Structure formats: structure tokens, C-alpha cells
Amino acid sequence: MLDIKFVRNNPDAVKKALADRAVDVYLDEFLDLDEERRKKLVEVEQLKNKRNTVSEEIGRLKKAGEPADDKITEMRSVSQSIKKMDEEIREIEEKLQKILLTIPNIPHETVPVGADEEDNEEVRRWGKPREFNFKPKPHWEIAEQLDIIDFERGSKVSGARFTFYKGAGARLERALINFMLDLHTREHGYKEVLPPFIVNADSMTGTGQLPKFAEDMFKLENTNYYLIPTAEVPVTNLYREEILPAEKLPVYHCAYSPCFRAEAGAAGRDTRGLIRQHQFNKVELVKFSYPEKSYEELEKLVENAEKVLQLLGLPYRVVNLCTGDLGFSAAKTYDIEVWLPSFNIYREISSCSNFEDFQARRANIRFRREKKSKPEFVHTLNGSGLAVGRTVAAILENYQEEDGSVSIPPVLQPYMGGITKITAEK
RNA sequence: GGAGAGAUGGCCGAGUUGGUCGAAGGCGCUCGACUCGAAAUCGAGUAGGCAGUGUUGAUCUGUCUCCAGGGUUCGAAUCCCUGUCUCUCCGCCA
């Protein structure tokens, strides 16, 4: 959510940001409503002031045993006017809030202006895609031949885009989760959290999933609960409605969680394999930062996520998302894309964003610079470190051998009970 | 699931026969005095949102906020209704 005062004072900047994102918002209507609200507010506050002073007087008169009937009658009508005006103001505020909640964040000045992913800007590459002397297979073929992932039974038991991991596949997934958590907690200074996987609507609004993106999520019927689409939601909302002591900043958390996504509107895309599932695992990194340090923190966050791929020996590139591809709440986002040989392209495996104070304002997460200074909004950041399912896919594809077996990256071997290779069971 | 109790400022905790209550008191914190310094002691200060003023986030003014949302009333932390959460006991359960 943007600062209403900022929108009021910088309508042109907001309009430009909206245009760059190709988003339609009725900003002029918003500005008119805002002005009307303030006008009415002044009026009603004057009336309230009158009510307060006269009511006090009535109390004094009654105590002294003097009559106050005429004043009471007068106040009766004043109170009625106040009630009416409060109602009008409330309606205006509701409209304002509704619009405000659907205005996306303003892109940072270093974000390239562009229409879609074609206009994203490649920042760097790491690692060289391996040259195969045979035709690399897609990960779902490898996995099925090794009998470590069962897509068909996943569909039977749940539906499309659900899978069973089995044997070494299940263990690989678990190994990756532990490897990532260990790396981020031991080497990168993140404190681990294991959050609830179900949250309420307030939390979803706090991080920006609601009200605009309700159809992307699974809602539990007859409740106010949602399955989390990412650990970003519970972990960022950890400090909702709180004022953090300055000495605690920056706060770093990492969290494993399953993620549930309805993938509405993605029918027909990535129908095979692990790339797009209704349920997948992810290790998430979340930061709460001083405003002036948040872009520094973003760079460090991306590097922390990259480190996972480097240690796993998976080639990747980092791209700076353009205005048209940028998520609703983000001011700037780096995607990390891992090399997938069978696709012959880089595919998103991590998304690291700085939300500046956009989520903090929605969720009311603040900090106090000095003991006596006013609370300010923190900046929030998060990034995948990494999406585990896609990492499994990348390992299977990049480490596959011609005989159908898959080598285990050395850093993962301790987590896999020392095995160096996944081979088909006899 | 059944029965009961409760939700007040950074924390603890008064206030529940409605009327100078944004809220006593204590702790904590900040500043000052004392001290070579510290402790102790003494004095002062110590919520947030919105709006106006100023103008750039000093000050001043108004207003709202005592879990949330409604209601009664000239006036509610105090009365009524609904919801949420917490605690205790019982039942059930991993």
C-alpha cells in the first residue's frame, strides 16, 4: 500500500508508475475522494468539539443541580448530525481504501521499463551449461524411469499438478530442504522459523495477496483461512502490528514451508513435471531492514540464494525484472533462473524482492530509530532460497547420465546418507 | 466439544453505582541534579492514528483510539449485543 499522503502530493509520479506497469487505476477519482474526505473531516471534528465541551458543561450543571434541558436537546441534534457525517466519511474511506489496496508499488528507479519478460534485463550468469554427448531427457522421464517420482498416482490420489516423491526422490527433496536451511542459518545469519501453513485473511492482506489475488489461492471452505502460497506470508506477518526495537534490525528469517497455489489461469502451461505444481516445497528468506539499507540487503539476499546454486553446481543467470513483469507488491525484483538442459532455457527458481515499505504499511510493521523518535515503517524483503521442487528438477536434468542414473552433487551427499548416485532399483 | 474467568499505555496494574480518564500507581526508559565515576536518591518527561496549522515531517490546535465491530446516552474504559483471542477446569486427541 502506498502512503496516501504521497499519492496526494505526487499524483504524477504515481500515474507514471501505473503506466509503466500498464495498470489501470482511477487515480483522479481517488484524489477527489481524498479531498472530500478531508473537507468533511474538518466539519465533523468541529461538531465533535462542540459536543465534547457542552457535554462537559452539562455534567457540571447537573452536579450543581441546575437545569440543562435546553442544552441536552441541542446536543441531541448535534449528535445526530455527527452520526450522519461519520457514516458518510466512513463510506468515503472505504472507497479510498479499496482503491489504495489495488494500487501496486512504485518501481525503483533501477527497474527497466518494459512490457513483459522479454524486456527483463540480464544482470549476470554463473556456470557453464554442461555439454551432453547424448540427448538430455526431461526430468519427469528421468524421475519416472528411476521410480523416484510418481506423477500418475499423484493425479489419482489428488489431481493434476500433485505428485508423490518416492525412495531416493523423497530423500533428495528432504536433503535439499535441510541443506538449504543449514546453509542459510549457519553461513548467512538467518534465524529459522517453522510457520503455520494456514493463515487468516488479515495476513494475506498484509503481504498483498488479498484483495487482488484471491483466485490464486486455496481457501478453506466455511472459514477465514487460506493455505499459504509461500512462507513469505506467515513470516512477514510475524511482526504485523508491532514496533520493533531498532537494535533488532535487520531481522533475517528463513523458513521451510510447503506452498499451495491454485495456478488459476495457468491451465495448459507446464503441465508435465515438477515445474508447476499446486503444492511444492520452498525455503524462503525474509528480511526486515532499515529503509536506507534495503537495497543493499536485496543484493545480499540474492547472493545468499545464488550460493545454493553455486554449491550445487547448477548454472544460472540473474535477471532484473522490468516494470511489466514486476509483482504487485514489489519495488524491485531479481529472478534467479536455473539452466534446464531438456528445455534448453533458464527457468525461474528464485525470486528476490524489495517491497520497501509497501507491505510494512499494509501490515503495520514499524521500528523506532531512537528511544524517543516516532515509529517508522521498516522495509521488507524476501526471496526463495530456493524453490525445492524446481531444484530437484534441475539436479535431475543437469546431473543425468546416459544410462539414466543421476549423480548427487557432492555437497548433498552427506544429506543423502553418503550415496553418490541415484540408480534404478532392480 | 462442555463450564467458567478475562482482554486497559513498552511492561505490571487501578478504574466497572456512566460525567474534567488518554486514563491513578509501580516498573522500565529518556533528560537533569548529586558523584571522581557508578549505585542509591531527588526533579522533569515518556502512546499511536487522522486532520488542520506550520511547512517539511519542530511546534501548536482539534479529533479518534482502554481487543474488534455495532447499540443505548447530552456524555462510556465503565451499561447492552455480536465477534476474536487468552487463561483455568472437564471431555477428546497426535
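Each chain gets a letter, A, B and so on, in the order its sequence line appears, and its residues count up from 1. Just so it is clear, the structure is predicted and the values come from calculations on it, not from any experiment.
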Check whether any side-chain N or O of [X] sits under 4.0 Å from OP1 or OP2 of [N], and answer yes or no.
X	N	value
A/R368	B/G48	yes
A/N49	B/G62	no
A/R361	B/G49	no
A/N52	B/G62	no
A/R60	B/U20	no

Rounded to the Å, how far apart are [X] [atom1] and [N] [atom2]?
X	N	atom1	atom2	value
A/N224	B/U84	CG	P	10 Å
A/F377	B/G57	CZ	P	18 Å
A/R240	B/C85	CZ	C1'	13 Å
A/E241	B/C85	CD	P	16 Å
A/L100	B/G49	CG	C1'	15 Å
A/K48	B/G52	NZ	C1'	15 Å
A/N364	B/A68	CG	C1'	15 Å
A/R38	B/G49	CZ	C1'	16 Å

Exercise for review: Identify all stems in which RNA chain B takes part, counting only runs of at least 3 consecutive pairs (Watson-Crick or G-U wobble, each distance under 3.5 Å), and give each as one range with another, ordered by first number.
Suggested key: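 Ordered by first number, the stems with RNA chain B (at least 3 consecutive pairs each) read B:1-7 with B:84-90, B:10-12 with B:25-27, B:28-33 with B:41-46, B:47-52 with B:60-65, B:67-71 with B:79-83.
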
Review point. With sugar-phosphate meaning primed atoms plus P, OP1 and OP2, does A/K39 contact a base, only sugar-phosphate, or nothing at under 4.0 Å between heavy atoms?
Key: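 Nothing, no nucleic acid heavy atom in range.
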
Review point. With sugar-phosphate meaning primed atoms plus P, OP1 and OP2, does A/P375 contact a base, only sugar-phosphate, or nothing at under 4.0 Å between heavy atoms?
Key: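 The residue A/P375 makes sugar-phosphate contact but no base contact.
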
**Study point:** Contact pattern, 5' to 3', of nucleotides 70-77 of chain B - B, S or - by protein heavy atom under 4.0 Å
**Key:** -SS-BS--

Using the [atom1] atom in both, what is the distance from [N] to [M], to the nearest Å?
N	M	atom1	value
B/G43	B/G26	P	10 Å
B/C81	B/C31	C1'	48 Å
B/G2	B/U63	C1'	45 Å
B/G62	B/G54	C1'	15 Å
B/U78	B/G22	C1'	15 Å
B/U59	B/G28	C1'	28 Å
B/C80	B/U88	C1'	27 Å
B/A77	B/A68	C1'	15 Å

What about [X] and [Y], are their ring centers closer than 6.0 Å?
X	Y	result
A/F328	A/F358	yes
A/F288	A/Y239	yes
A/F162	A/H278	yes

Review point. With nearest nucleotides of RNA chain B determined for A/V44 and A/I243 from heavy-atom distances, which residue corresponds to the more 5′ nucleotide?
Key: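 Of the two residues, A/I243 wins.
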
Regarding [X] and [Y], does a basic nitrogen lie under 4.0 Å from an acidic carboxylate oxygen?
X	Y	answer
A/E337	A/R347	no
A/R261	A/D216	no
A/K16	A/D12	no

Between [X] and [Y], a side-chain donor and acceptor under 3.5 Å:
X	Y	answer
A/E376	A/Y290	no
A/R362	A/N364	no
A/S353	A/K332	no

Point to revise | salt bridge (Lys or Arg N to Asp or Glu O under 4.0 Å), paired with A/K40, selected from A/E91, A/E88, A/E93 | key: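 Exactly one candidate clears the test, A/E88.
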
Review point. Once you round to the nearest 0.5 Å, how far does OG of A/S329 lie from CZ of A/F213?
Key: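 Spacing of OG (A/S329) from CZ (A/F213) equals 7.0 Å.
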
**Study point:** Among B/A58, B/G62, B/A51, the one nearest A/K374 by side-chain distance
**Key:**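 That would be B/A58.
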
